[in-house]
K.L.:
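Mind having a look at this structure? Questions to follow.
Atom set for the values below is all heavy atoms of this structure, side chains included, hydrogens, waters and symmetry mates excluded.
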Amino acid sequence: MTDFFDLPEDTFSKQKASSNSRKVDEKVYDPDPNAHNGSYKSVFRFVPYLLDKTKSKYTKYSAKFWNPLTKESVIIDCPSNVGQPSILWTLESVLRSLRKEEPDLIKDIDSRFSRWYTHHSIVYIKKDPQRPELEGHLKIFKFRNQIDMLIDQAVNPEEVDGMSLSKKVNPYHLLEGKDFFCVVGKKTKEFRDWSKCKFMDEITPLVFKIGDKQVVVENNEKSVKLVTEFLTKHSPTLDEYYHQEWKEEDFNRVAEALVAAIPQREILNMVLERSKDTKMNDLVRSKLSGNTHVNTPAPSSNPTADSSEKLVFSSEPKPSSQTSIFDNASGSEDDEYDSLFKNL
């Protein structure tokens with residue numbers, strides 16, 4: 001009977017968090033080379049988001065301020081996502097226009113403000129020797145410009161004298177799409193190198209697993225019903241990754257962070273003159289009127305950004321001197337991708 005009275009102590013006691021730990025989103029597929037000796041290789045397939053096919057590749061702009069006064073980061077979605085006037089968009093535009101003229105000044109401001117976009121798509125993971133437990137699962141894949149360019153090149157192939165150099169392919173197509181060979185290198189601790197990623201040459205239907213059975217998508221009613229049920233049941237929803245409207249306190253936090261992060265009054269005046277975001281313009285002006293230290297240079301130090309907050313993709317190739325991790329993969333039988341991995 002003693003087992004009945006036993007209670008797990010970790011339920012009630014506060015556990016010490018690791019200094020290098022970060023929140024893991026189980027819905028997101030994150031091929032992180034930092035966790036696997038600086039290199040990550042896998043094969044997956046972009047698939048349509050059946051709950052809303054128009055959002056099969058959903059793009060969202062976000063921004064981050066480092067407030068040197070409160071020593072806090074403010075991360076927020078940009079109102080431009082939903083067609084609203086955005087002082088964040090105007091600020092980025094002003095800084096871009098001054099970059100050539102005042103490179104050192106803008107570089108300093110860059111350490112306290114950034115605005116970026118992230119694409120979101122559902123992917124079916126076909127091969128992942130680093131984490132084989134993910135194979136056969138659908139996850140959300142977040143990506144930026146370099147991967148998006150590969151998608152665009154497949155959908156809109158290069159033309160010479162009106163002739164396409166390759167066949168037009170929609171990688172998301174369930175019958176005539178392409179598998180994606182993902183190779184992620186480690187450029188720096190925060191920045192990843194995606195330059196070796198590519199779509200496979202062969203155009204193929206989606207092949208997925210239901211239990212131990214492999215299913216090849218075909219153009220018939222039974223197959224369509226099967227793949228529809230599979231994608232609908234197992235695809236994670238994108239709802240929480242859509243644009244989040246600002247709450248009232250967000251307006252105040254952003255206004256305070258903007259004034260603190262950019263002490264140069266001339267730049268703020270340029271932003272306010274160009275911005276059509278009337279509510280934020282009024283808030284920033286009110287902060288400025290009560291800020292007697294607006295012209296005092298702000299500290300340029302900035303804590304290291306977490307790679308999950310701002311992903312930067314590099315197009316510079318990174319030579320690999322490591323033995324392929326696939327050589328030591330678990331003892332599953334060789335499949336169509338093993339030779340590709342081993343020869344990389």
K.L.:
For E72, what residues pass the side chain to side chain contact (heavy atoms under 4.5 Å, CB included) criterion, not counting sequence neighbours?
P.N.:
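Only T70 meet the side chain to side chain contact (heavy atoms under 4.5 Å, CB included) criterion with E72.
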
K.L.:
Among residues at least two apart in sequence or on other chains, which ones pass salt bridge (charged side-chain N to carboxylate O under 4.0 Å, His left out) with K139?
P.N.:
none

K.L.:
My understanding is that only residues two or more places apart in sequence, or in another chain, count here; which of them pass side chain to side chain contact (heavy atoms under 4.5 Å, CB included) with V169?
P.N.:
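V169 satisfies side chain to side chain contact (heavy atoms under 4.5 Å, CB included) with K178, I203 only.
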
K.L.:
Give the ring-plane orientation class for F44 versus Y29, where under 30° counts as parallel, over 60° as perpendicular and anything between as tilted.
P.N.:
perpendicular

K.L.:
Checking Q244 now: which residues fulfil side chain to side chain contact (heavy atoms under 4.5 Å, CB included) with it, not counting sequence neighbours?
P.N.:
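D77.
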
K.L.:
Check D30 with K142, please: is the shortest side-chain N to carboxylate O separation under 4.0 Å?
P.N.:
no

K.L.:
Is a salt bridge present between D104 and K107, judged by a nitrogen-to-oxygen distance below 4.0 Å?
P.N.:
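Looking at D104 and K107, the cut-off is not met.
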
K.L.:
N156: what forms a side chain to side chain donor-acceptor pair (under 3.5 Å) with it, not counting sequence neighbours?
P.N.:
D152

K.L.:
Between S121 (side chain only) and S56 (backbone N and O only), is there a donor and an acceptor less than 3.5 Å apart?
P.N.:
yes

K.L.:
Within the 3.5 Å criterion, strictly below it, is a donor on K186 or N37 matched to an acceptor on the partner's side chain?
P.N.:
no

K.L.:
Please answer whether the main-chain N or O of K127 pairs with a side-chain N or O of E135 as donor and acceptor at a distance below 3.5 Å.
P.N.:
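Side chain of E135 to backbone of K127: no pair is present.
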
K.L.:
Is the side chain of K60 donor-acceptor paired with the backbone N or O of Y241 at a distance under 3.5 Å, no angle test?
P.N.:
yes

K.L.:
I'd like a table of donor-acceptor pairs (distance under 3.5 Å, sequence neighbours excluded) in which one partner is a side-chain atom from residues 231-239, with atom names and distances.
P.N.:
residue	atom	partner	partner atom	Å
T232	OG1	T228	O	2.7
S235	OG	L231	O	2.7

K.L.:
Please list, chain by chain and in numerical order, all residues satisfying side chain to side chain donor-acceptor pair (under 3.5 Å) with S93, sequence neighbours excluded.
P.N.:
none

K.L.:
Regarding D277 and S275, do their side chains bring together a donor and an acceptor under 3.5 Å, going by distance alone?
P.N.:
no

K.L.:
Decide whether Y117 and D148 meet the rule of one side-chain donor and one side-chain acceptor closer than 3.5 Å.
P.N.:
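No, D148 and Y117 have no side-chain donor paired with an acceptor closer than 3.5 Å.
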
K.L.:
Once side chain to side chain donor-acceptor pair (under 3.5 Å) is applied, do any residues pair with E240, and if so which ones, sequence neighbours excluded?
P.N.:
K27

K.L.:
Quick one: side chain to side chain contact (heavy atoms under 4.5 Å, CB included) partners of A63, sequence neighbours excluded?
P.N.:
I76, L88, F113, R115

K.L.:
Give me each pair satisfying salt bridge (Lys or Arg N to Asp or Glu O under 4.0 Å) with a member in residues 208-219, each pair once, sequence neighbours excluded.
P.N.:
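Checked against salt bridge (Lys or Arg N to Asp or Glu O under 4.0 Å) - neighbours excluded - no pair reaches residues 208-219.
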
K.L.:
Between K168 and E176, does the salt bridge (charged side-chain N to carboxylate O under 4.0 Å, His left out) criterion hold? Intermediate values first, please.
P.N.:
CA-CA 10 Å; K168 180 177 180 178; E176 299 178 343; over 6 Å; no

K.L.:
Does anything in residues 68-95 pair up under ring pair (Phe, Tyr, Trp, His ring centres under 6.0 Å), and if so which pairs, sequence neighbours excluded?
P.N.:
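Counting only pairs at least two positions apart or across chains, no ring pair (Phe, Tyr, Trp, His ring centres under 6.0 Å) contact touches residues 68-95.
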
K.L.:
Cut-off 3.5 Å, side chains only: do R131 and Y40 have a donor facing an acceptor?
P.N.:
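Per modelled atom types, R131 and Y40 side chains form a pair under 3.5 Å.
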
K.L.:
Just jot down the side chain to side chain donor-acceptor pair (under 3.5 Å) partners of R285, sequence neighbours excluded, or say none.
P.N.:
none

